[in-house]
Amino acid sequence: MTETTDAPGYPAEFAERYRAAGYWRGETFGQMLRDRAQAHPDRIAIVDPSGEGRRWTYGELDLRADRLAAGFLAHGIGKGDRVVVQLPNVAEFFEVVFALFRIGALPVFALPAHRETEIRHFCAFTEAAAYVIADVSEGYDYRELASKVRAEVPGLKHVFVAGDPGEHTALAAVPTEPVAVIPDAPAPHELAFLQLSGGSTGVPKLIPRTHDDYIYSLWGSNEICGVDEDSVYLCALPAAHNFPLSSPGTLGALYAGARVVLARRPSPDVAFPLIAAEGVTITGLVPPLALVWTEAAAETPYDLSSLQVLLVGGAKFSEEAARRVRPALGCTLQQVFGMAEGLVNYTRLDDPEEIIVTTQGRPISPADEVRVVDDEDNDLPAGETGHLLTRGPYTIRGYWRAPEHNATAFTADGFYRTGDVVRRTETGHLVVEGRAKDQINRGGEKVAAEEIENHILAHPAVHDAAVVSMPDAYLGERTCAYVVLREGAAPVKSIAIKKFVRERGLAAFKVPDRVEFVTEFPQTGIGKVSKKDLRAAIAAQVAAAAAAQR
Ligand code: OOB
């Protein structure tokens, strides 16, 4: 990425090194799709079983992207413009993002779970030119959300709707005759999109990824996960998330010329019939779903024998659960420990079973620099647990328009402070031992404590709030909000706090699972709220309740 005022790019000497080593191939997403379409126009690229069912060939996807790109240009959307994309797992997702890639407009990848507060922020903060949604999905009407956001963000010029547009513009009405030459088409080193960070701050940060760096993570992943043109990748998690997008994900599969099958939901009742019907060979899940799948597989009438690889990541997969994967599903488990900021680690398909079930893998690239350090940034030897710092050919050098945050989130020499606490084994594999960032990992869905605390603090009866994780057998962690009420405030029920947060217009996974009222918070030696003590307290309560049930 060239140095811009929006985000720090890769320093020239690193960019040169990554190019010279062949990691950055000088490709763009737009050209990549064109190349595949020319090589094998009739091969199926996307299978979307929703509605009447659609099977788009590479040739068709390429033409659709071209026509939509021309239509976007005609609507005044061009290079560098941001477009918030919030679509479920439907074929249009790919048509839209490849159209945007082609003209150099930047998709901002929102999740279907996001609501008014998050979407308003993404649209306002990125000064988005457009917002792309589905009409109704999983019973939720995104057109109403768009109407509200539009009223609040005057700069948002267009809302495009896949399906019935209501008061907005039908996506289907946008495509026009392809333009012969895209003016100012993006270069490989330029930005391709903005991904969302799980985050630990008040508002989610945006992650600027370039064509060069992201495409490297795709083919690097393909090699490690054995994805080739005969693979069939099932996208069961929300398509916009970095894991199903690129590890190796839908984009990795398309890079390989393989087939992508879209599941509207990741549950076995939806996914298993698709695996059987489409001959799915590889997919990715978060740990709670992997547990559900291993249990459901024992009783399913569907033939899952085509499945060769199950990737599990996004949150720590317990060793015990990991051991069950191969016997239950008859496929190889591949643990993946990645982050939208860049670095992705995989166990290798030929790693010994012990390594596969007890580690979270090792980096994609020989050029990934990984440091495990103590609190003073001193490097620690293998076997010791410390903070994970990383720098490399597909890890960002800074968030988008966040200079202050970047000053602490990165070291002076460009290492990203992941906030993860890890140990490196003698074999170079990483084991995730914990987390230093103020975040709750709710089964792979990330909740920034500060963001939720700010919402709770807006409640008139609340004096102070501290959000921490509590252990959960299914999700690994859930959120617990400790609340101190104002002096003299009438008692508030925990359900009222949850309702209050929900009504602030947030993704449902951010609503606290539990609310505990206290009169004061435990403090650390220097007088800060001791979240460590709060976590210990709620963990003890959860354990005591579980013991009482037995
Ligand atoms: C993936 O990406 P994000 O950006 O939603 O979250 C990244 C964070 C990591 O820093 C770590 O805290 C946690 O999620 N995480 C894991 C993990 N995989 C991710 N913690 C323990 N064990 C794992 N296997 O979550 C993501 C991106 C690409 C591929 C896979 C996951």
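When a ligand or atom number is given, it counts from 1 through the structure's own listing order. Computed from a predicted model, the values in this text were never measured in an experiment. Heavy atoms only: backbone and side chains are in, while hydrogens, waters and symmetry mates are out.
When ring centroids are compared, H114 and F122 come within the 6.0 Å threshold.
Taking atom 1 (C) of ligand 1 as the reference point, the nearest protein heavy-atom neighbour is G338 O, 3.4 Å. What sits closest to atom 18 (N) of ligand 1 on the protein, heavy atoms only, is G314 N, 3.0 Å. What sits closest to atom 23 (C) of ligand 1 on the protein, heavy atoms only, is A315 O, 3.4 Å. Nearest protein heavy-atom contact of atom 4 (O) of ligand 1 is A340 N, 3.0 Å. Residue, atom and distance of the protein heavy atom nearest to atom 12 (O) of ligand 1 are D420 OD1, 2.5 Å.
With Y482 as the aromatic partner, R514 does not meet the cation-pi criteria of under 6.0 angstrom to the ring centre and within 45 degrees of the ring axis.
When heavy-atom distances to ligand 1 are checked against a 4.0 Å cut-off, S247 comes that close only through its side chain, counted from C-beta outward. The side chain of N441, and not its backbone, has at least one atom closer than 4.0 Å to an atom of ligand 1 (non-hydrogen atoms only; side chain from C-beta on). Contact annotation for S197 and ligand 1: no heavy atom of the residue comes within less than 4.0 Å of the ligand.
Using bins of under 30°, 30° to 60° and over 60° for the plane-to-plane angle, the ring pair Y140/Y142 lands in the perpendicular bin. A parallel orientation is assigned to the rings of H121 and F125, their planes being inclined by less than 30° (bins at 30° and 60°).
Shown in contact with K316 at under 4.0 Å from a heavy atom are these atoms of ligand 1, numbered in order with element: 20 (N), 21 (C), 22 (N). The ligand atoms of ligand 1 that sit less than 4.0 angstrom from a heavy atom of V432 are 21 (C), 22 (N).
Taking each of Q335, K446, Q195, M339 in turn, the one with a heavy atom nearest to atom 6 (O) of ligand 1 proves to be K446.
Counting heavy atoms from C-beta outward, R348 and I224 have side chains that approach closer than 4.5 Å.
Note: an N/O pair closer than 3.5 Å links V336 and ligand 1 by distance alone.
Put simply, the residue from F193, F109, W219 that forms a ring-ring contact (aromatic ring centres under 6.0 Å, His included) with Y214 is F193.
Residue contacts with ligand 1: E445 is excluded, as none of its non-hydrogen atoms falls under 4.0 Å.
Between the side chain of S306 and the backbone N or O of V280, at least one donor-acceptor pair lies under 3.5 Å.
Residue-environment remark: CD (E320) stays at or below the threshold of 12 foreign heavy atoms within 6.0 Å.
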